[in-house]
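Heavy-atom basis, side chains included; hydrogens, waters and symmetry copies ignored.
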Amino acid sequence: MKRVRFLIRAIPNDADRLRSFASLKSIGASLGTNLKHPRWTSYGALEVDAFTPSVEDFELFVAALEPLAKVEFTKNLDEPPSFRTKENILDEAVAYFNSERFWECHETLESVWRPAVGEEKKLVQAIILVCAGLVHEQRGERDVGLGIYRRALPQIAWREKTYHGIDVPRLRKNVERSLTKGELSPFKI
């Protein structure tokens with residue numbers, strides 16, 4: 001049976017992360033929804049992938065969460081994206097990054113990275129790697145995230161100060177700072 005895949009971000013009422021995720025996972029299981037890949041934002045929101053039998057089952061799950069968490073957004077990941085220009089895609093990616101939606105930023109940027117060539121391809125890949133590092137931080141895997149940052153750093157270069165509104169020197173400085181301190185923190189691009 002094919003399952004529908006959703007992304008959901010919610011701010012649990014309970015500050016205990018393990019207990020919150022266990023509660024949401026239990027509610028999901030009782031309704032046929034399987035939650036995977038928990039990621040935590042700097043402000044305490046939980047983002048997870050939800051696999052459910054149908055859209056209606058997912059809507060029921062979201063309604064059941066209301067007493068335990070404030071749902072920030074949901075997204076059906078099985079819906080194909082509509083056509084967007086490169087500029088629209090990059091604007092969306094920056095908005096995702098700046099909202100700590102690093103997994104979505106990573107996924108969005110892949111459509112720019114695939115056809116890119118040369119220095120642009122390297123830079124977009126570096127930004128994707130930074131997103132991947134921050135996703136690992138959200139999952140509590142700091143050492144993995146720092147390793148990914150080390151791979152990204154040499155590729156963060158651009159002949160101009162900005163790339164479609166992204167301040168490349170600031171991006172590089174934030175990655176360097178994280179590597180020096182041995183910690184990953186969200187920042188704006």
Let me confirm one number: the [atom1]-[atom2] distance from [X] to [Y], rounded to the nearest 0.5 Å.
X: I166; Y: N98; atom1: CD1; atom2: CG; value: 9.0 Å
X: L134; Y: Q138; atom1: CG; atom2: CD; value: 7.0 Å
X: R172; Y: L123; atom1: CZ; atom2: CG; value: 11.0 Å
X: L184; Y: F102; atom1: CG; atom2: CZ; value: 10.0 Å
X: I156; Y: I127; atom1: CD1; atom2: CD1; value: 8.0 Å
X: L146; Y: K181; atom1: CG; atom2: NZ; value: 12.5 Å

Which residues share a salt bridge (Lys or Arg N to Asp or Glu O under 4.0 Å) with [X], sequence neighbours left out:
X: E120; result: K86
X: K36; result: none
X: D49; result: R5, R39
X: E119; result: K122

Using a 4.5 Å cut-off on heavy atoms from C-beta on, say whether the side chain of I189 contacts that of Y163.
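SC-SC contact between Y163 and I189 ruled out.
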
Taking the side chain as everything from C-beta on, heavy atoms only, tell me whether E104 gets closer than 4.5 Å to L7.
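Result yes, sub-4.5 Å side-chain heavy-atom pair found.
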
Assess whether a salt bridge exists between R9 and E100, defined as any Lys/Arg side-chain N lying under 4.0 Å from an Asp/Glu carboxylate O.
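Looking at E100 together with R9, the answer is no, because their closest N to O distance does not fall below 4.0 Å.
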
Could you tell me whether the side chain of T180 and the main chain of E176 form a donor-acceptor pair under 3.5 Å?
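Yes, the answer is positive, given that a donor and an acceptor are paired below the 3.5 Å cut-off.
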
Check whether any side-chain N or O of S20 sits under 3.5 Å from a backbone N or O of D14 as a donor-acceptor pair, and report yes or no.
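Pair found, side chain donor or acceptor close to backbone of D14.
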
Indicate the atoms forming the closest heavy-atom contact of [X] with [Y], along with that distance.
X: P38; Y: R139; value: O-CG, 3.3 Å
X: K121; Y: A116; value: CD-O, 3.2 Å
X: A10; Y: A69; value: CB-CB, 3.9 Å
X: H136; Y: G145; value: CB-N, 3.9 Å
X: P67; Y: N13; value: O-ND2, 2.9 Å
X: S178; Y: S185; value: OG-N, 4.3 Å

So which residues get pulled into [X]'s cluster when ILVMFWY side chains under 4.5 Å apart are joined, directly or through others?
X: V144; result: L129, I148
X: F83; result: none
X: F6; result: V4, I8, F21, L24, I27, L31, L35, W40, L46, V48, V55, F58, L60, F61, V62, L65, L68, V71
X: Y43; result: I11

Flag if over 12 foreign heavy atoms under 6.0 Å of NZ, K173
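At most 12 heavy atoms, drawn from other residues, nucleotides or ligands, come within 6.0 Å of this atom.
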
Around atom CH2 of W158, are there more than 12 heavy atoms from other residues, nucleotides or ligands closer than 6.0 Å?
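Yes.
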
Does the structure place the NZ or CZ of R101 under 6.0 Å from the centre of the six-membered ring of F73, at an angle of no more than 45° from the ring's axis?
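Judged by the rule, R101 and F73 form a cation-pi pair.
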
Partner set under ring-ring contact (aromatic ring centres under 6.0 Å, His included) for W103, not counting sequence neighbours
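So W103 forms no ring-ring contact (aromatic ring centres under 6.0 Å, His included) with any residue.
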
Applying ring-ring contact (aromatic ring centres under 6.0 Å, His included), can you list everything that pairs with Y96, at least two apart in sequence or on another chain?
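In terms of ring-ring contact (aromatic ring centres under 6.0 Å, His included), with neighbours along the sequence ignored, Y96 is linked to no residue.
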
Given side chain to side chain contact (heavy atoms under 4.5 Å, CB included), test T108 with F97 step by step and report yes or no.
CA-CA 10 Å; T108 300; F97 190 98; over 6 Å; no

Might you work through the side chain to side chain contact (heavy atoms under 4.5 Å, CB included) test for L171 and D167, ending with a clear yes or no?
CA-CA 6 Å; L171 173 66; D167 185 330; over 6 Å; no

Salt bridge (Lys or Arg N to Asp or Glu O under 4.0 Å) contacts touching residues 143-156 (sequence neighbours left out)
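Not a single pair qualifies under salt bridge (Lys or Arg N to Asp or Glu O under 4.0 Å).
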
Given L109, V112, V94, the one that forms side-chain contact (heavy atoms from CB on, under 4.5 Å) with I89:
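Output: one option passes, namely V112.
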
side-chain contact (heavy atoms from CB on, under 4.5 Å) against R3, all qualifying residues, sequence neighbours excluded:
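Partners of R3 under the side-chain contact (heavy atoms from CB on, under 4.5 Å) test: M1, N34, F51, P53.
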
